[in-house]
Asks: 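Sharing a structure with you now.
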Amino acid sequence: MKQAITYELLHECKQTGARRGVIHTPHGDIQTPIFMPVGTQATVKSLTPEELKEEVEAQIILSNTYHLYLRPGSKIVKEAGGLHNFMRWDRPILTDSGGFQVFSLGDLRTISEEGVTFKSHLDGSKHVFTPESVMETEEDLGADIIMAFDECCPYPSTYEYTKNSMERTTRWAKRCKEAHTTTDKQGLFGIIQGGFYKDLREQSAKELIELDLPGYAIGGISVGEPKEEFLDILRYTTPLMPKDKPRYLMGVGTPDYLIEAAKAGIDMCDCVLPTRIARNGTAMTSKGKVVVRNATYEKDFRPP
């Protein structure tokens with residue numbers, strides 16, 4: 001059967017592992033390495049689709065399964081013709097699984113082998129996410145790349161907790177693959193977990209690669225750990241990932257981390273950071289941050 005997502009490696013640096021490639025998707029090609037702006041609720045806040053194309057030159061954007069499931073609901077998005085039609089975006093889209101958001105709810109959620117029971121942050125209503133239900137939701141949303149449902153460990157976590165969590169993530173990935181029906185339209189990516197234990201990262205990567213999914217992500221880092229630990233796990237895990245498939249580092253958006261990711265051989269990154277700090281008056285420029293609310297800019301009428 002024809003795969004929705006394929007990867008073409010164009011060049012690789014022998015010294016660092018950094019690489020150039022192209023991800024082929026149903027809605028166009030993505031030149032990598034790439035940063036994906038985040039449109040949590042089917043819109044990248046403060047920017048129109050036209051601005052994203054013409055000013056930012058975004059090749060792909062990310063939307064959030066958890067938030068869209070709660071509001072307006074994936075069935076409404078499906079009735080509207082899927083996310084592409086719903087948000088008037090004709091380029092590639094990636095949806096996360098909602099796993100990170102659900103696990104960030106803390107006391108509002110309960111984890112079991114079946115899935116996660118949680119209370120909505122909006123109104124306290126009770127919901128359940130399972131690998132099967134998340135696949136149904138992501139298929140309703142209709143993104144080109146969809147993520148498997150995973151458990152994101154908090155930092156720090158014990159070895160035993162991390163191992164159990166990682167192994168559950170692998171079992172959930174298998175269930176996601178079995179439940180995924182739109183393989184010709186959507187590519188399902190697995191998420192490598194294992195916290196900050198290298199043997200668990202290696203086990204996670206090995207077992208997920210055996211599922212032969214169209215792409216793989218590194219999850220569970222950039223979650224509050226020191227930069228040295230982040231870099232250590234990033235540089236250890238990336239070479240474990242297949243060379244002939246996209247490599248995605250989840251939730252990374254600061255310039256220094258993006259450069260380190262690209263140097264390590266990562267193809268894709270995403271983060272809400274640029275739009276979040278922009279809404280609070282901070283611009284990222286080639287000469288560093290510009291905080292436009294500072295008094296020094298009160299009578300500065302030049303562009304940032």
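Since this is a predicted model, take the numbers as computed values, not measurements.
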Asks: Do Arg235 and Glu260 sit within salt-bridge range, that is, some charged N less than 4.0 Å from a carboxylate O?
Replies: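 The answer is yes: the pair qualifies as a salt bridge.
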
Asks: Taking all non-hydrogen atoms of both residues, which atom of Cys153 and which atom of Ser157 are closest, and how far apart?
Replies: CB-OG, 4.0 Å

Asks: Can you tell me if Lys53 has over 12 outside heavy atoms packed within less than 6.0 Å of its NZ?
Replies: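 Check passes, neighbour count above 12.
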
Asks: Identify the residue among Ile145, Thr65, Leu83 that makes a side chain to side chain contact (heavy atoms under 4.5 Å, CB included) with Glu138.
Replies: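 It is Thr65; the other options fail the test.
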
Asks: Drop me the distance from His180's NE2 to Ile146's CD1, to the nearest 0.5 angstrom.
Replies: 3.5 Å

Asks: Going by atom types alone, do Ser165 and Gln193 pair a side-chain donor with an acceptor below 3.5 Å?
Replies: no

Asks: Can you tell me how far apart CZ (Arg247) and OG1 (Thr238) are? Round to the nearest 0.5 Å.
Replies: 6.5 Å

Asks: What verdict does the side-chain contact (heavy atoms from CB on, under 4.5 Å) test give for Glu136 and Lys75, after you've listed the backbone C-alpha separation in whole Å, the side-chain angles of each residue and the deciding distance to 0.1 Å?
Replies: CA-CA 10 Å; Glu136 182 180 351; Lys75 297 302 178 188; 3.0 Å; yes

Asks: Closest heavy-atom contact between Ile23 and Pro246?
Replies: CD1-CB, 3.8 Å

Asks: Looking at side-chain heavy atoms only, is the closest gap between Thr183 and Leu188 below 4.5 Å?
Replies: no

Asks: Please check if the number of heavy atoms outside Phe100 that lie under 6.0 Å from its CZ is greater than 12.
Replies: no

Asks: Hydrophobic clustering (ILVMFWY, side-chain heavy atoms < 4.5 Å, transitive) - are Ile209 and Ile5 grouped together?
Replies: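 Cluster IDs for Ile5 and Ile209 differ.
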
Asks: Ignoring hydrogens and angles, tell me if any N or O in the side chain of Asp144 forms a donor-acceptor pair with the backbone of Gln186 under 3.5 Å.
Replies: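 No, the answer is negative, given that no donor and acceptor are paired below the 3.5 Å cut-off.
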
Asks: His24 and Glu8: side-chain donor and acceptor closer than 3.5 Å?
Replies: yes

Asks: So which atom in Ala4 and which in Lys185 form the shortest heavy-atom distance, rounded to 0.1 Å?
Replies: CB-C, 3.4 Å

Asks: Which label fits Trp172 and Phe149: parallel for a plane angle under 30°, tilted from 30 to 60°, or perpendicular past 60°?
Replies: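 If you compare the ring of Trp172 with that of Phe149, the planes turn out parallel.
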
Asks: Check whether any side-chain N or O of Arg20 sits under 3.5 Å from a backbone N or O of His11 as a donor-acceptor pair, and report yes or no.
Replies: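 Checked: no pair found.
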
Asks: Same cluster for Phe129 and Leu122 if Ile/Leu/Val/Met/Phe/Trp/Tyr side chains link at under 4.5 Å?
Replies: yes

Asks: Would you check if Lys243 and Arg19 make a side-chain contact, meaning some heavy-atom pair closer than 4.5 Å?
Replies: yes

Asks: Go through the steps to decide whether Ile93 and Trp89 satisfy the test side-chain contact (heavy atoms from CB on, under 4.5 Å), and finish with yes or no.
Replies: CA-CA 8 Å; Ile93 299 174; Trp89 178 258; 3.5 Å; yes

Asks: Do the side chains of Arg201 and Asp232 get close enough for a salt bridge, i.e. N-O under 4.0 angstrom?
Replies: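 A salt bridge is absent here (no side-chain N lies under 4.0 Å from a carboxylate O).
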
Asks: Is it the case that more than 12 heavy atoms not belonging to Arg279 sit under 6.0 Å from its CZ atom?
Replies: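 Yes, the 6.0 Å shell around CZ holds more than 12 heavy atoms from other groups.
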
Asks: Between Tyr155 (side chain only) and Val223 (backbone N and O only), is there a donor and an acceptor less than 3.5 Å apart?
Replies: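 No; zero donor-acceptor contacts below 3.5 Å.
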
Asks: Are Tyr161 and Pro156 close enough that some pair of their side-chain heavy atoms sits under 4.5 Å apart?
Replies: no

Asks: Distance check, rounded to the nearest 0.5 Å: Arg71 atom CZ versus Ile76 atom CD1?
Replies: 12.0 Å

Asks: Strictly by modelled atom types, are Asp256 and Thr254 linked by a side-chain donor-acceptor pair under 3.5 Å?
Replies: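 On atom types as modelled, these side chains qualify, holding a pair under 3.5 Å.
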
Asks: Can you tell me how far CD1 of Ile60 sits from CD1 of Ile30, rounded to the nearest 0.5 angstrom?
Replies: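 Spacing of CD1 (Ile30) from CD1 (Ile60) equals 3.5 Å.
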
Asks: Working note: Met241 + Ile218, criterion side-chain contact (heavy atoms from CB on, under 4.5 Å); need CA distance, chi angles, decisive distance, verdict.
Replies: CA-CA 9 Å; Met241 304 165 82; Ile218 300 175; 3.7 Å; yes

Asks: Identify the heavy atoms of Leu68 and Thr40 that sit nearest to each other, and give their distance.
Replies: CG-O, 4.0 Å

Asks: Taking side chain as C-beta onward, heavy atoms only, is Val252 less than 4.5 Å from Leu258?
Replies: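 In short, these two side chains touch, coming nearer than 4.5 Å.
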
Asks: For Ile192 versus Ser204, what's the shortest heavy-atom pair and its separation?
Replies: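 Ile192 and Ser204 have their closest heavy atoms at CA-OG, 3.5 Å.
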
Asks: Tyr216, Phe189: one ILVMFWY side-chain cluster at the under-4.5 Å cut-off?
Replies: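 As far as the 4.5 Å side-chain criterion goes, Phe189 and Tyr216 are not connected within one cluster.
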
Asks: Using only atom types and a distance under 3.5 Å, with no angle test, would you say the side chain of Gln101 pairs donor to acceptor with the backbone of His67?
Replies: no

Asks: Is the side chain of Thr130 donor-acceptor paired with the backbone N or O of Gly115 at a distance under 3.5 Å, no angle test?
Replies: no

Asks: Which word best sums up how the rings of His84 and His27 line up, parallel for under 30°, tilted for 30 to 60°, or perpendicular for over 60°?
Replies: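 His84 vs His27 ring planes: parallel.
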
Asks: Using 0.5 Å steps for rounding, measure from the NZ atom of Lys174 to the CD atom of Glu207.
Replies: 6.0 Å

Asks: Report yes if some heavy atom in the side chain of Glu113 is under 4.5 Å from a heavy atom in the side chain of Arg171; otherwise report no.
Replies: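 Side chain of Glu113 against side chain of Arg171, heavy atoms only: contact under 4.5 Å found.
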
Asks: What is the minimum heavy-atom distance between Thr162 and Gly195, and which atoms define it?
Replies: CG2-N, 3.6 Å

Asks: Is the backbone N or O of Thr282 less than 3.5 Å from a side-chain atom of Lys289, with the two atoms forming a donor-acceptor pair by type?
Replies: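 Answer holds: no.
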
Asks: Using the salt bridge (Lys or Arg N to Asp or Glu O under 4.0 Å) rule, take Asp107 and Lys119 through it: C-alpha gap first, then chi angles, then the decisive distance, then the call.
Replies: CA-CA 9 Å; Asp107 294 339; Lys119 291 182 180 179; over 6 Å; no

Asks: Can you hop from Val44 to Val77 via hydrophobic side chains spaced under 4.5 Å?
Replies: yes

Asks: Whether the Asp123 and Ser125 side chains hold a donor-acceptor pair (N or O, under 3.5 Å, no angle test) is what I'd like checked.
Replies: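 The answer is yes; a qualifying pair exists.
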
Asks: In terms of hydrophobic clustering (I, L, V, M, F, W, Y; side-chain heavy atoms under 4.5 Å; direct or indirect links), are Leu234 and Met166 co-clustered?
Replies: no

Asks: Does the side-chain contact (heavy atoms from CB on, under 4.5 Å) test come out yes or no for Leu94 and Tyr248, once each step is laid out?
Replies: CA-CA 11 Å; Leu94 181 149; Tyr248 169 24; 3.8 Å; yes

Asks: Are any non-hydrogen side-chain atoms of Tyr257 and Leu249 less than 4.5 angstrom apart?
Replies: no

Asks: Under the 3.5 angstrom rule, does the side chain of Glu225 hit a backbone N or O of Ser222 as a donor-acceptor pair?
Replies: yes

Asks: How long is the span from the CD atom in Glu228 to the CG atom in Leu231, to the nearest 0.5 Å?
Replies: 7.5 Å

Asks: Quick one: does any side-chain atom of Arg91 pair with a main-chain N or O of Ala58 as donor and acceptor, under 3.5 Å?
Replies: yes

Asks: With sequence neighbours excluded, what pairs up with Lys163 under the salt bridge (Lys or Arg N to Asp or Glu O under 4.0 Å) test?
Replies: Glu167

Asks: Side chains of Ile111 and Arg168: does their closest heavy-atom pair fall under 4.5 Å?
Replies: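 When only atoms from C-beta onward are counted, Arg168 and Ile111 do touch, with a gap below 4.5 Å.
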
Asks: Any heavy-atom pair between the side chains of Asp150 and Ser97 that's under 4.5 Å?
Replies: yes

Asks: Is the distance between the ring centroids of His127 and Tyr66 under 6.0 Å?
Replies: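 No - the distance between ring centres of Tyr66 and His127 does not fall below the 6.0 Å cut-off.
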
Asks: Has Arg175 got more than 12 heavy atoms of other residues, nucleotides or ligands less than 6.0 Å from its CZ?
Replies: yes

Asks: Can a donor-acceptor pair be found between the side chains of Tyr69 and Asp140 at a distance below 3.5 Å?
Replies: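 Not at all, the side chains of Tyr69 and Asp140 share no donor-acceptor pair under 3.5 Å.
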
Asks: Quick check on Glu210: does its CD atom have over 12 non-hydrogen neighbours (other residues, nucleotides or ligands) under 6.0 Å away?
Replies: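 Yes, enclosed.
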
Asks: Would you check if the side chain of Lys177 reaches a backbone N or O of Leu211 as a donor-acceptor pair within less than 3.5 Å?
Replies: yes

Asks: Spell out, as yes or no, whether a donor-acceptor pair under 3.5 Å connects the side chain of Glu51 to the backbone of Thr48.
Replies: yes

